[in-house]
Amino acid sequence: MSAADSRPDLSSPEPAVDAADGPAGAAPSHGEAKSPSPADAIAALQKENDLLRAIAENMGHQRLVRTLHEIAAGEDGPSCTALLERSSGGASWLERGAGGREMARAVVRTLPDPAKLPKRPEPLPSPPPSLAGAWAVPLSGGGRTGLWIAPTPPTDGDEGRGRRLWELVGDALWTRFVTSEALSAARGALALRDAQVALYAAAAKDGEPQAVLTRLLTALASACGAERAALYTSGRDGRRIAAAGAELPRPVAAVAAEQEAKLAAAAPVRLAAGEGENGVIAFDQAALARIGVRSLIGRAAGVSIGGGASAASLLVMKADAAPLPPHAERTLAWAGGFFADVLPRCTKAAAANRLARRDGLTGLANRRTFDERLTALFASAAATHGDLAVLMCDLDHFKSVNDTHGHAVGDRVLKEAAAAIQEALAHSRSGDAAVAARYGGEELVVLLPDFGPGGAARIAERIRESIARIELPAGGPRTHVTTSLGLALYPHDAEDAESLMHAADAALYAAKTGGRNRIVRAGEGSAAVVPAAPR
């Protein structure tokens with residue numbers, strides 16, 4: 001097998017673990033056979049990587065043969081292995097390197113003639129005891145022929161995978177890195193396998209679906225030499241599912257999200273037009289400029305995953321215009337299939353998780369979720385000396401709405417009030433980080449991280465105005481819904497989370513007793529001046 005021959009493509013191997021073993025951590029069933037656990041599969045991939053890493057090192061062939069034997073043979077492997085060259089007359093074998101025990105001359109004489117061996121790596125036929133489990137890897141190049149008596153490839157009995165691995169290793173071993181092609185192939189395969197190990201390891205860890213996707217995207221960005229990775233639903237109105245990588249300041253992050261959405265929409269369009277290789281679309285600066293991306297992203301690549309309503313775009317991006325590493329596109333192509341298997345499972349788990357953390361009527365966070373987020377956001381504000389605002393909203397005379405119009409109307413009003421709050425937050429600069437929850441009954445509450453008094457008051461007024469547009473059926477004393485709001489801020493009005501909630505509750509009480517349909521800031525004795533509700 002010469003260095004110029006077509007080499008096996010180990011850059012797209014069948015994974016040692018089914019990709020569906022991802023976040024759930026359960027091995028899939030293939031008939032009656034038991035699949036390896038994620039931990040075992042990761043260990044197997046790491047051993048393969050150690051072999052590939054060894055042939056990518058610049059070491060002499062004798063030392064390399066010993067190193068390969070030490071990595072692959074283990075306790076159950078052959079006691080000796082060797083790199084042999086056929087003499088010019090074809091009458092004998094010349095030893096060029098050995099691993100393990102010295103191979104006895106009597107054993108060497110029993111080795112088959114390469115001309116009678118298959119042209120690909122195979123288990124050594126009828127091996128003597130010292131070579132039990134060994135493989136025969138025929139080699140050629142430079143007008144010479146040889147044989148690598150190798151340990152069993154560490155591929156869990158998958159002969160096809162083991163064959164491809166030993167072809168690559170044997171080729172690099174035989175050429176002794178005379179050509180850069182052999183070294184490049186080894187490094188490319190190693191880079192992909194390192195990415196596989198990182199993604200399998202990230203998927204095997206426990207965590208909520210969003211945390212799993214964030215870990216996977218972080219590993220993918222690193223594996224592709226990119227700064228960020230993101231996952232978006234496909235289509236013109238693509239929605240971000242998850243993103244990870246370099247942290248961006250909030251104003252910059254908003255612009256970056258808009259640019260990522262343009263990439264997510266453009267990738268499947270270009271793929272459908274027949275562009276790209278291996279299902280991957282690359283974006284250089286010219287391609288980015290054509291879709292309106294002229295800053296923050298200097299180079300990117302994307303792949304479409306899934307199909308129909310579940311279609312998504314997987315992206316990797318870097319800020320400068322330097323090309324991604326040579327292995328990045330193959331890694332991204334493989335990751336597309338991996339994410340296609342993982343995403344439905346994460347989506348299903350996220351839906352179940354969302355049901356457990358949301359109020360069934362309004363869709364807002366439930367009380368337990370709110371309490372958790374309050375603890376986390378307060379700790380963050382305290383650690384960074386930041387601001388945290390709390391808005392407590394209570395629908396005015398809500399009991400009379402139920403009594404006059406019935407509970408069905410009351411439920412409709414609560415849902416519309418929740419939608420009004422979510423709409424108000426969607427247009428705020430902290431929309432992604434804000435938390436809206438149903439605190440109990442008709443009482444709704446909002447957490448606004450990084451909002452000072454002025455910004456929080458503006459959000460409160462926007463909510464008050466939006467809720468005041470909710471119409472009631474005819475036949476009652478009122479035509480519209482109104483709400484009272486209490487506003488408290490850390491560190492201005494409280495020193496801990498509990499006192500912050502007490503301050504907001506006291507401000508809400510002042511708004512209710514002061515005439516309703518108004519906003520009161522903690523510590524104020526009178527309501528803020530607000531316009532009259534629409535009629």
Side-chain angles (χ1 to χ4, degrees), residues 239 254 358-366 369-370 373 388-402 404-405 407-474 476-489 504-505 507-512 514-522 524 527-535:
R239 176 182 56 83
R358 295 283 168 176
D359 173 63
L361 176 64
T362 64
L364 300 179
N366 57 24
T369 303
F370 174 83
R373 295 300 296 143
L388 178 62
V390 175
L391 286 173
M392 295 193 76
C393 317
D394 191 89
L395 300 182
D396 297 329
H397 303 294
F398 187 72
K399 183 177 184 299
S400 70
V401 173
N402 282 330
T404 304
H405 302 289
H407 287 280
V409 171
D411 288 350
R412 189 260 296 172
V413 166
L414 272 172
K415 287 192 282 188
E416 290 188 19
I421 290 175
Q422 289 175 313
E423 177 68 16
L425 294 178
H427 296 292
S428 77
R429 62 179 173 83
S430 188
D432 287 343
V435 179
R438 186 179 182 188
Y439 203 61
E442 70 275 18
E443 197 167 71
L444 310 174
V445 63
V446 178
L447 288 173
L448 294 170
D450 300 322
F451 270 75
R458 285 191 291 273
I459 295 294
E461 178 57 18
R462 189 178 298 160
I463 290 171
R464 190 201 66 77
E465 289 179 345
S466 297
I467 291 177
R469 297 190 187 99
I470 299 173
E471 296 184 356
L472 291 169
R478 294 184 296 148
T479 60
H480 288 78
V481 178
T482 61
T483 186
S484 301
L485 297 99
L487 169 61
L489 297 103
D505 189 50
L508 174 60
Y509 180 78
K512 301 288 278 187
R516 295 185 172 85
N517 189 24
R518 63 193 64 215
I519 305 159
V520 170
R521 161 83 186 277
E524 293 179 352
V529 178
V530 296
R535 292 285 181 253

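Keep in mind that what you see is a predicted model, and the values were worked out from it rather than measured.
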Requested in this report: Answer yes or no: does atom CZ of Phe398 have more than 12 heavy-atom neighbours from other residues, nucleotides or ligands under 6.0 Å?
Outcome: yes
[Y] side chain reached by [X] side chain, heavy atoms, under 4.5 Å:
X: Arg438; Y: Leu414; value: yes
X: Arg521; Y: Pro453; value: yes
X: Arg478; Y: Thr404; value: no

Query - Intermediate values then yes/no, side chain to side chain contact (heavy atoms under 4.5 Å, CB included), Leu448 and Leu489 - result: CA-CA 9 Å; Leu448 294 170; Leu489 297 103; over 6 Å; no
Which pair of heavy atoms, one from [X] and one from [Y], lies closest together, and at what distance?
X: Val520; Y: Ala510; result: CG1-CB, 4.0 Å
X: Ile467; Y: Ala420; result: CG1-CB, 4.1 Å
X: Phe451; Y: Ala389; result: O-CB, 4.1 Å
X: Ala504; Y: Val390; result: CB-CG1, 3.9 Å
X: His480; Y: Glu471; result: NE2-CG, 3.7 Å
X: Ala488; Y: Ala522; result: CB-CB, 3.9 Å

Requested in this report: Can you spot which of Leu487, Leu508, Leu444 makes a side-chain contact (heavy atoms from CB on, under 4.5 Å) with Leu391?
Outcome: Leu487
Query - Residue that, paired with Leu364, satisfies side-chain contact (heavy atoms from CB on, under 4.5 Å) out of Thr362, Asn366, Leu361 - result: Thr362
Report task. Examine distances only and state if a side-chain atom of Thr483 and a backbone atom of Asp394 form a donor-acceptor pair shorter than 3.5 Å. Result -> yes
Query raised in the report: Within the side chain of Arg462, is there an N or O that forms a donor-acceptor pair under 3.5 Å with the backbone of Ala460?
Result: no
Requested in this report: Go through Ile463 and Leu485 one step at a time and tell me if the side chain to side chain contact (heavy atoms under 4.5 Å, CB included) criterion holds.
Outcome: CA-CA 9 Å; Ile463 290 171; Leu485 297 99; 4.2 Å; yes
Query raised in the report: Do the charged groups of Arg464 and Glu461 touch, with an N to O distance under 4.0 Å?
Result: yes
Query raised in the report: Will you find, in the side chains of Ser484 and Asp396, an N or O donor that is under 3.5 Å from an N or O acceptor?
Result: yes
Query raised in the report: Which value, rounded to the nearest 0.5 Å, describes the distance between His397 atom NE2 and Glu442 atom CD?
Result: 11.5 Å
